[in-house]
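What follows is a single structure, written as structure tokens, with notes after it.
The figures here come from the full heavy-atom set of this structure, side chains too, leaving out hydrogens, waters and symmetry mates.
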Amino acid sequence: MEHGSFEDQSKATFSLTDEDHTLANAVRFTLNQDPRVTFCGYSIPHPSDARVNIRVQTTGDPAREVLNDSCQDLMLICENVRDTFDKAILKFKTEGGLSSMDIKK
């Protein structure tokens, strides 16, 4: 849900349900990498409430578009991490796994 102003779309607060620090901190990180962002932060209103509020202020671009772009960037980062991990697992298995290591008991 978006809480913002109709007059100034460069500032908005977004409420995400069923989320916590894990997603909020990752989104905050990608938002901070965007030069269009002048401020971003998040809060969790109450520990028993599974909701995150993310505040975005931009240099003029609509906050919704900037948040959407940051989420796309986060998805690309996650895909890269997964690809790197999968390649490392494949390499580990093709090189003999633990049997190729000189482990002494």
Side-chain angles (χ1 to χ4, degrees):
M1 176 184 299
E2 179 179 353
H3 308 279
S5 167
F6 290 116
E7 296 86 34
D8 187 2
Q9 294 185 0
S10 68
K11 301 176 180 113
T13 300
F14 303 89
S15 290
L16 307 176
T17 56
D18 297 326
E19 295 300 341
D20 59 11
H21 290 283
T22 305
L23 178 67
N25 196 39
V27 170
R28 183 199 55 80
F29 173 80
T30 56
L31 280 165
N32 276 323
Q33 303 301 309
D34 193 323
R36 299 174 294 174
V37 174
T38 58
F39 172 81
C40 72
Y42 76 90
S43 66
I44 296 181
H46 192 273
S48 65
D49 188 10
R51 182 169 47 112
V52 172
N53 295 325
I54 300 176
R55 177 71 177 173
V56 180
Q57 295 177 353
T58 70
T59 57
D61 293 63
R64 177 184 286 187
E65 288 180 17
V66 174
L67 177 65
N68 187 42
D69 292 346
S70 290
C71 289
Q72 294 291 328
D73 292 344
L74 181 58
M75 287 180 14
L76 292 173
I77 291 169
C78 290
E79 287 174 9
N80 183 45
V81 168
R82 180 154 189 162
D83 289 344
T84 303
F85 180 76
D86 289 344
K87 288 175 185 173
I89 292 293
L90 183 62
K91 180 180 177 187
F92 179 77
K93 287 180 178 179
T94 57
E95 292 178 356
L98 292 176
S99 63
S100 67
M101 295 181 167
D102 186 25
I103 299 176
K104 300 189 184 200
K105 295 182 182 181

For the backbone of Leu74 and the side chain of Thr30, can you confirm whether one donor and one acceptor N or O come within less than 3.5 Å of each other? no
Quick one: are Tyr42 and Arg55 in side-chain contact, heavy atoms under 4.5 Å? no
Mind running side-chain contact (heavy atoms from CB on, under 4.5 Å) on Thr58 and Asp34 for me, showing each step along the way? CA-CA 9 Å; Thr58 70; Asp34 193 323; over 6 Å; no
Interatomic distance, Leu23 atom CG to Arg28 atom CZ [nearest 0.5 angstrom]: 12.0 Å
For salt bridge (Lys or Arg N to Asp or Glu O under 4.0 Å), just list the numbers for Asp18 and Arg51, CA-CA rounded to whole Å, side-chain angles, deciding distance to a tenth of an Å, and then say yes or no. CA-CA 6 Å; Asp18 297 326; Arg51 182 169 47 112; over 6 Å; no
With rounding to the nearest 0.5 Å, note down the distance linking CG in Asn80 to CG in Leu76. 9.0 Å
On a heavy-atom basis, which atom in Asn53 and which in Ser15 lie closest, and how many Å separate them? OD1-OG, 2.7 Å
Side-chain touch Thr59/Asp61, heavy atoms, less than 4.5 angstrom: yes
Between NZ on residue Lys91 and CG on residue Asp86, distance to nearest 0.5 Å: 15.0 Å
Might you work through the side-chain contact (heavy atoms from CB on, under 4.5 Å) test for Arg64 and Phe14, ending with a clear yes or no? CA-CA 9 Å; Arg64 177 184 286 187; Phe14 303 89; 4.3 Å; yes
Nearest heavy-atom contact between Pro45 and Ser43 is CD-O, 3.8 Å
Looking at Ile54, Val27, Val52, Ile44, which one forms a side chain to side chain contact (heavy atoms under 4.5 Å, CB included) with Glu19? Val52
